[in-house]
Amino acid sequence: MIQDIDVGEIVLHHTADAYAIDFYPLGKIAWHKWPDIHLGGLTVNLTPTKHVVFLFIAAILVFITMKAAGRALEKQRAGQAAPRGFAAAMEGMVLWVRNDIAIANIGHDGAKFAPLVMTFFFFILYSNLLGLLPWGASPTGNIAVTGALALIAFVTIEVGGFIKLGPKGYLRTIFPKVEGLSGPGATVMSIAMGPIEVIGKLVKPFALAVRLFGNMTAGHFVILSLFGIVFLFGHMGIASYGIAGATVALVVGIMLLELFVAFLQAYVFALLSAVFIGLMQHEH
């Protein structure tokens with residue numbers, strides 16, 4: 001019976017990671033979990049999951065997009081023609097991320113960090129958009145994926161700051177000099193601020209990971225839950241058609257909003273990464 005359908009189970013099934021890609025109602029592709037690898041007391045399993053597959057798809061799409069845009073720009077400039085079409089759009093987007101996100105927030109050293117910031121933006125954008133396709137999945141709806149991206153940002157922030165500031169300058173980011181204090185009081189206050197500064201360093205990547213994960217997961221939960229309304233009220237006869245029509249219209253609106261959110265979250269992650277890198281580059 002249609003009213004016996006477990007909407008919650010359907011939502012979790014489509015948002016959770018798995019060793020299969022479901023192409024319902026056409027079927028699905030499933031694979032077996034590989035044997036565990038034991039490294040001392042650590043057990044590791046390298047079996048690719050659904051989200052890993054879509055991570056590779058996102059990476060390949062980024063590569064193909066940039067390669068195609070680069071070749072098109074080369075051909076157009078060889079003929080001394082202004083960039084146009086797809087190549088012009090991609091060049092404008094790349095320059096926007098490079099100049100207005102990376103360099104504008106990091107400063108004069110922003111150019112060397114721009115490739116990473118651009119990679120964050122386009123990779124996250126494709127990962128977000130893949131979840132809006134039929135039978136697709138958003139790798140960024142997995143906390144392990146967003147956590148790994150945040151870890152890359154964290155290492156870049158801290159290592160880049162250490163190289164820029166030197167050992168003494170980097171320690172000042174943990175044990176800051178308190179203005180207006182001197183002598184033993186300044187030393188005590190500086191040491192007391194250490195744990196707070198360390199927590200602040202850890203909160204930044206945590207916020208990056210949770211914000212991206214939460215926004216992408218919440219959107220899919222909302223869309224799938226709204227579709228569940230059709231099944232919950234499918235037994236109401238003629239009234240169910242009105243409910244279904246209203247639900248579909250609402251879902252279309254949410255999908256359009258999710259399209260905007262996909263771009264917004266890629267922008268926010270890239271922007272905050274650039275801001276955090278810039279703060280460490282100019283820390284005193």
## Note on the structure
Smallest heavy-atom separation, Ala114 atom then Arg98 atom, equals CB-CG, 3.9 Å
### Task
Please check if Tyr19 and Val52 belong to a single hydrophobic cluster, counting links between Ile, Leu, Val, Met, Phe, Trp and Tyr side chain heavy atoms closer than 4.5 Å.
no
### Task
Check whether any side-chain heavy atom of Tyr170 sits under 4.5 Å from a side-chain heavy atom of Thr173, and report yes or no.
yes
### Query
Which is it for Ile103 and Asp109 under the side-chain contact (heavy atoms from CB on, under 4.5 Å) test, yes or no, and what are the steps along the way?
CA-CA 7 Å; Ile103 295 178; Asp109 290 328; over 6 Å; no
### Query
Are Thr47 and Trp31 side-chain neighbours, meaning at least one heavy-atom pair lies under 4.5 Å?
yes
### Message
Are Ile29 and Trp34 linked, directly or through intermediate hydrophobic residues, by side-chain heavy-atom contacts shorter than 4.5 Å (ILVMFWY only)?
### Response
no
### Task
Answer yes or no: does atom CZ of Phe206 have more than 12 heavy-atom neighbours from other residues, nucleotides or ligands under 6.0 Å?
no
### Query
More than 12 non-hydrogen atoms from neighbouring residues, nucleotides or ligands closer than 6.0 Å to CE on Met189, yes or no?
no
### Task
State, yes or no, whether a side-chain contact exists between Ile21 and Val53 at a heavy-atom distance under 4.5 Å.
yes
### Task
Kindly give the heavy-atom pair with the smallest separation between Asn105 and Leu271, and that separation in Å.
ND2-CD1, 3.3 Å
### Query
At what distance, to the nearest 0.5 angstrom, does CG of Asp22 lie from CH2 of Trp135?
10.0 Å
### Query
Among Lys164, Lys201, Lys204, which one satisfies salt bridge (Lys or Arg N to Asp or Glu O under 4.0 Å) with Glu158?
Lys201
### Task
Kindly work out whether a path of hydrophobic side-chain contacts (I/L/V/M/F/W/Y, heavy atoms less than 4.5 Å apart) joins Leu73 to Phe86.
no
### Query
Quick one: does Ser190's side chain have a donor or acceptor within less than 3.5 Å of a partner on Lys177's backbone?
no
### Task
Identify the two heavy atoms, one from Gln281 and one from Gly161, that lie closest to each other, and give their separation to 0.1 Å.
NE2-N, 3.7 Å
### Task
List the atom of Ile101, the atom of Ala274, and the distance in Å for their closest heavy-atom pair.
O-CB, 3.4 Å
### Task
Measure the spacing between CG of Leu133 and CZ of Phe54 and express it to the nearest 0.5 Å.
8.0 Å
### Message
With a 4.5 Å cut-off on side-chain heavy-atom distances among I, L, V, M, F, W and Y, is there a chain of contacts connecting Phe213 to Leu149?
### Response
no
### Query
Using a distance-only test with no angle check, is there a side-chain donor-acceptor pair under 3.5 angstrom linking Thr140 and Asn128?
yes
### Task
Count the heavy atoms of every other residue, nucleotide or ligand shown that sit under 6.0 Å from CZ of Phe56, and state whether that count exceeds 12.
no
### Query
What are the two closest non-hydrogen atoms of Thr146 and Ala209, and how far apart are they?
OG1-O, 3.1 Å
### Task
State, to 0.1 Å, how close Pro205 and Phe154 come at their nearest heavy-atom pair, and which atoms those are.
CG-CD1, 3.7 Å
### Task
Supply the atom-to-atom distance Ile106 CD1 to Met280 CE, rounded to the nearest 0.5 angstrom.
12.5 Å
### Query
Can you get from Leu151 to Leu272 by hopping between Ile, Leu, Val, Met, Phe, Trp and Tyr side chains that sit under 4.5 Å apart?
yes
### Tyr267 and Trp96 aromatic ring geometry - parallel, tilted or perpendicular at 30°/60° bounds
parallel
### Message
Between Gln265 and Asn215 (side chain of the first, backbone of the second, donor and acceptor by atom type, cut-off under 3.5 Å), is there such a pair?
### Response
no
### Task
Please round to the nearest 0.5 Å and tell me the distance separating atom CD of Gln76 and atom CZ of Arg71.
14.5 Å
### Message
Apply side-chain contact (heavy atoms from CB on, under 4.5 Å) to residues His220 and Ser138 and explain how you reach the verdict.
### Response
CA-CA 9 Å; His220 293 292; Ser138 290; 3.1 Å; yes
### Task
Kindly determine whether Leu130 and Leu61 satisfy side-chain contact (heavy atoms from CB on, under 4.5 Å), including the steps that lead there.
CA-CA 10 Å; Leu130 284 173; Leu61 288 174; 4.1 Å; yes
### Task
Go through the structure and list residues passing side-chain hydrogen bond (donor to acceptor under 3.5 Å, both in side chains) with Thr187, not counting sequence neighbours.
none
### Query
Distance only, no hydrogens: is a donor on one side chain within 3.5 Å (strictly under) of an acceptor on the other, for Thr43 and Asp36?
no
### Message
Testing Val203, Leu202, Ile196 one by one against Ile199 for a side-chain contact (heavy atoms from CB on, under 4.5 Å), which residue passes?
### Response
Val203
#### Entry: Approximate separation, where rounding is to 0.5 Å, of Phe123 CZ and Leu55 CG
4.5 Å
### Task
Walk me through it: do Phe121 and Leu125 pass the test side-chain contact (heavy atoms from CB on, under 4.5 Å)?
CA-CA 6 Å; Phe121 177 82; Leu125 177 59; 4.2 Å; yes
### Summary
Value for CZ (Phe122) from CE (Met93), rounded to nearest 0.5 Å, stands at 5.5 Å
### Query
Testing Thr156, Ile163, Ile157 for side-chain contact (heavy atoms from CB on, under 4.5 Å) with Val159, which one passes?
Ile163
